[in-house]
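Residue numbers start from 1 in every chain, and the chains themselves are labelled A, B, ... in the order their sequence lines are given, proteins ahead of strands. All heavy atoms count here, side chains included; hydrogens, waters and symmetry mates do not. Here the structure is a predicted model, which means the values were calculated and not measured.
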Amino acid sequence: MKSEPDAFSWQDLWDAPKRTTFWDGVRNYQARNLLRDDIQEGDGVLYYHSRTKVPGVVGIAQVVQAGSPDPTQFDPKEPYFDPKARREEPTWYGVHIQAQGPLDEVVSLEQLKAEPKLAQMAVVQRGQRLSVQPVTAAEWKQVLKMGQYAGAGR
DNA sequence: GCCAACGTTGGC
DNA sequence: GCCAACGTTGGC
């Protein structure tokens, strides 16, 4: 999952109540499908900082509740308000995620691109802009290894 | 249903 | 701040 640290950083998630937040505001259909249909409770999350000096994976989170309707689509005061969204059949979804722990070493986009094992990873593909992207089990392991991830709760 | 115009994303 | 990439919009 990509976030711009100016908007909501890894530290913001870490400092949040129960280190948990609802990942809302996604307004892209491909990403919506992932949030609504594919992402399951218990899935691991690579937390990625974009539009920063060194973009890359900074921490590990976990999905603690699978997809549910994103309330901001119904609220005219919200920047993510969608006048076409209907409550009977919500257009946009989000998931609840909880921070597990920071990587010992940030794994930069540059490193991701340089690692042959990650050549197929979504985030290194040209023109890839989705804010939520799939990660395979092998990619997950490799990124944690590169980040010297030492486990949760620190 | 085509496609130009426009808006957004995000690395650089 | 630039601009390539790509999604969306809307006229026709």
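The nearest whole Å value for the distance from the CG atom in N28(A) to the C1' atom in dT8(C) is 10 Å. Put simply, NE2 on H49(A) is 17 Å from P on dC12(B), counting in whole angstrom units. At whole-Å resolution of the value, OH in Y80(A) and C1' in dG7(B) are 15 Å apart. K53(A) places its NZ atom 15 Å from the C1' atom of dG11(B), with the value rounded to the nearest Å. Between the CG atom of L130(A) and the P atom of dA5(C) there is a distance of 17 Å, rounded to whole Å. Computed from coordinates, the E4(A) CD to dT8(B) C1' distance equals 10 Å when rounded to whole Å. Separating the CG atom of D82(A) from the C1' atom of dT8(B) is a distance of 16 Å, rounded to the nearest angstrom. In this structure, Q128(A) places its CD atom 9 Å from P of dC6(C), rounding to the nearest Å.
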**Message:** Run the side-chain hydrogen bond (donor to acceptor under 3.5 Å, both in side chains) test on D75(A) and T72(A) for me, step by step, so that the C-alpha distance in whole Å, both residues' side-chain angles and the decisive distance to 0.1 Å come before the verdict.
**Reply:** CA-CA 5 Å; D75(A) 185 349; T72(A) 63; over 6 Å; no
**Item:** Residue pair K117(A), E115(A): steps toward the salt bridge (Lys or Arg N to Asp or Glu O under 4.0 Å) verdict
**Value:** CA-CA 5 Å; K117(A) 288 178 186 167; E115(A) 172 52 58; 5.1 Å; no
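Contact check, Y29(A) against dC6(C): no side-chain N or O comes under 4.0 Å of OP1 or OP2.
Not counting sequence neighbours, the partners of E105(A) by the side-chain contact (heavy atoms from CB on, under 4.5 Å) test are Q148(A).
Minimum atom distance to the side chain of R129(A) is reached by dT9(B), of the listed dT9(B), dG11(B), dT9(C).
Listed by first then second residue, pairs satisfying ring pair (Phe, Tyr, Trp, His ring centres under 6.0 Å) with a partner in residues 51-82 of chain A number zero, not counting sequence neighbours.
If you check every strand for non-hydrogen atoms under 4.0 Å, K113(A) touches sugar and phosphate atoms only.
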